[in-house]
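For reference, the structure discussed in these notes is given below.
Values below: all heavy atoms of this structure, side chains included; hydrogens, waters and symmetry mates excluded.
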Amino acid sequence: MATSRIETALAGAGQTKAVVSGVGVLDRIGATFVEYLPGMRAIIVADENTWEAAGPGVRDSLRAAGIELDEPVIFPGTPVLFADDAMVLRVRDILAATDAAAVSVGSGSINDVVKNASDMVGRPYLSVCTAASVDGYTAEGAAITVKGVKSTVTCRAPIAVIAPIDVMAAAPSRLTATGLGDLFEKVPAGADWLVSDALGVEAVDWDVWDLVQGPLQDAIADPDGLRRGDLEAVAALSEGLQMSGLAIQVYGTSRPASGAGHYFSHQWEMEGYGRDWAIPLSHGFKVGLGTLAMCALYEMVLGLDLASIDVESRLAAWPTPEEDRARVEALQPVSIIRESAVRASADKYLSLDAARERLETIRRVWPELRFRLAQQVIPAAEVEDILRRVGAIHHPGQIAVSLEQLRTKYFQAQTIRTRYTILDLLQEAGVLQDVVDRLFTPGGYWYERPPEPRWTDAS
Ligand SMILES: [Zn+2]
């Protein structure tokens, strides 16, 4: 079952030809390399931690297959390798000085750096996953901080991915918790896609939908097993993560795998929040909290009666482009974020005529859309329970974010991307402020959460 899902996804993916997943598959790396990169030399890129986890096994398998190897590139384990443009250029220079294809041995950062650098020299590469921590292994793009701003750089996905479940299960449990956080967002992200579909903004591609949403329930079903490093649980999470990246390849954008819950994380990432911590605040930790934030919001949204919004009174208060720009600017104090948020928001600004049509569509589709959303989203209390059990962040206090700061994130998240989400619908309907405020007042989800101490690494 697991394999056939991946095969279906690979058939539609343009770039990745194979995902070799299972216990003990490190020794299949050599054969996989020969199959997809015949005649090429190899150069392993790792850091001290990932080298220790899998490096020698990777090297031995490549050697056994008769592949000639350059000296491996092993970056320090501490501080944790940071995926920025300077690091990409360093690896690009190393690759430019050889004709070897890179074999990245690591998780998010190493894979992203090697992906981007390999793309720059126009050479395919092979990715060996050492943790079930991100969905980006198979994605067509790399998360790189460029000139201080976290960005998604378009570049070719790996030609083949090796997912040795035994190695991934032995990774620090915080990395697995991070992977669950990243994957979990596909729940509210799916809801955001349903919203866009219902409003005629961006139709759901149901084949791609199945690739992501199909394995999702199994992948998040056993948070305790994930925390313990249970092989079956990690295999299910890994499959969900790989499928998610492949779905991005098939679809061509990250829509199938990323919605407003991810935007909370993008906002923190652009602000550089937690980047300089001893253990830098991971993507999946922020996304997991964004997932919970959005599921709490969706729970309130399901109680709204948007079929009866008063179109005329909303249009009477419709902002001019200048007023809307001022709103966005006031929400984004950091200039570089402000500039891109102003551009993204201007892109999705609706003229009065378009606004009338949109509001009437919302009224018309709401009863059915509400029903579909109720099938898709998970109650916030359940989301919190899963995040807590896997050891992920489930309260802003754990990452030194106040409730007031979290409240602001809802509004900021609405401004930074053109991709349509429930936050846009609520903004257009004129109820975003009210719905968010209710989450933070007595009876609201966030108001009622007891405070939590700062997160510390228990893995
Ligand atoms: Zn992500």
Test of ring centre spacing under 6.0 Å for Y410 and F264: yes
Geometric class of the W455/F285 ring pair [parallel <30°, tilted 30-60°, perpendicular >60°]: perpendicular
Under 3.5 Å donor-acceptor pairs involving side-chain atoms of residues 210-220, not counting sequence neighbours:
unit_1	atom_1	unit_2	atom_2	d
Q213	OE1	Q376	NE2	3.1
Q213	NE2	K186	O	2.8

Polar side chain donor-acceptor pair, Q267 to Q332, under 3.5 angstrom: yes
Y298 vs V195 side-chain heavy atoms within contact, under 4.5 Å: yes
Side chain proximity check, V377 to L302, heavy atoms < 4.5 angstrom: yes
Sidechain N-carboxylate O distance under 4.0 Å for K17, E35: no
With sequence neighbours excluded, residues passing salt bridge (Lys or Arg N to Asp or Glu O under 4.0 Å) with D197: R372
Over 12 non-hydrogen atoms of neighbours within 6.0 angstrom of CD in E232: no
Donor on one side chain, acceptor on other, D112 and S109, under 3.5 Å: no
Polar side chain donor-acceptor pair, D347 to T418, under 3.5 angstrom: no
Results of salt bridge (Lys or Arg N to Asp or Glu O under 4.0 Å) for E271 - residues two or more places apart only: K409
Between D135 and S244, a side-chain donor and acceptor under 3.5 Å: yes
Partner set under salt bridge (Lys or Arg N to Asp or Glu O under 4.0 Å) for D385, not counting sequence neighbours: R389
Side-chain donor-acceptor pair present, T154, E140, cut-off under 3.5 Å: no
Heavy-atom side-chain contact between R275 and W268 under 4.5 Å: no
Validation row: V20, V161 side chains within 4.5 angstrom (heavy atoms): no
Atom pair NE2 (H262) and NE2 (H283), whose distance is rounded to the nearest 0.5 Å: 3.0 Å
Distance-only donor-acceptor check, side chains Q412 and T408, under 3.5 Å: no
L126 and Y36, any side-chain heavy atoms less than 4.5 Å apart: no
CD1/I336: more than 12 non-hydrogen atoms of other groups inside 6.0 Å: no
Other residues, nucleotides, ligands: >12 heavy atoms within 6.0 Å of Q405 CD: yes
Close side-chain approach of W51 and V105, heavy atoms under 4.5 Å: no
Minimum side-chain heavy-atom gap P158-K115 below 4.5 Å: yes
Closest non-hydrogen atom pair, M168 against S238: CE-OG, 3.6 Å
Side-chain touch I422/L426, heavy atoms, less than 4.5 angstrom: yes
Over 12 foreign heavy atoms within 6.0 Å of CZ, F82: yes
Other residues, nucleotides, ligands: >12 heavy atoms within 6.0 Å of E452 CD: yes
Pair Y445, E384: side-chain N/O donor-acceptor within cut-off below 3.5 Å: yes
Residues in salt bridge (Lys or Arg N to Asp or Glu O under 4.0 Å) contact with E382, at least two apart in sequence or another chain: none
Rounded distance [0.5 Å steps], NE2 in H395 versus CG in L406: 8.5 Å
Under 3.5 Å, which donor-acceptor pairs link side chains of residues 59-77 to any protein atom two or more places apart or in another chain?
unit_1	atom_1	unit_2	atom_2	d
S61	OG	L26	O	3.4
S61	OG	D27	O	3.2
S61	OG	I29	N	3.4
S61	OG	G30	N	2.8
E68	OE1	R41	NH1	2.9
D70	OD1	R41	NE	2.9
D70	OD1	R41	NH2	2.5
D70	OD2	T98	OG1	2.6

Under 3.5 Å side-chain donor-acceptor pair for S254 and R419: yes
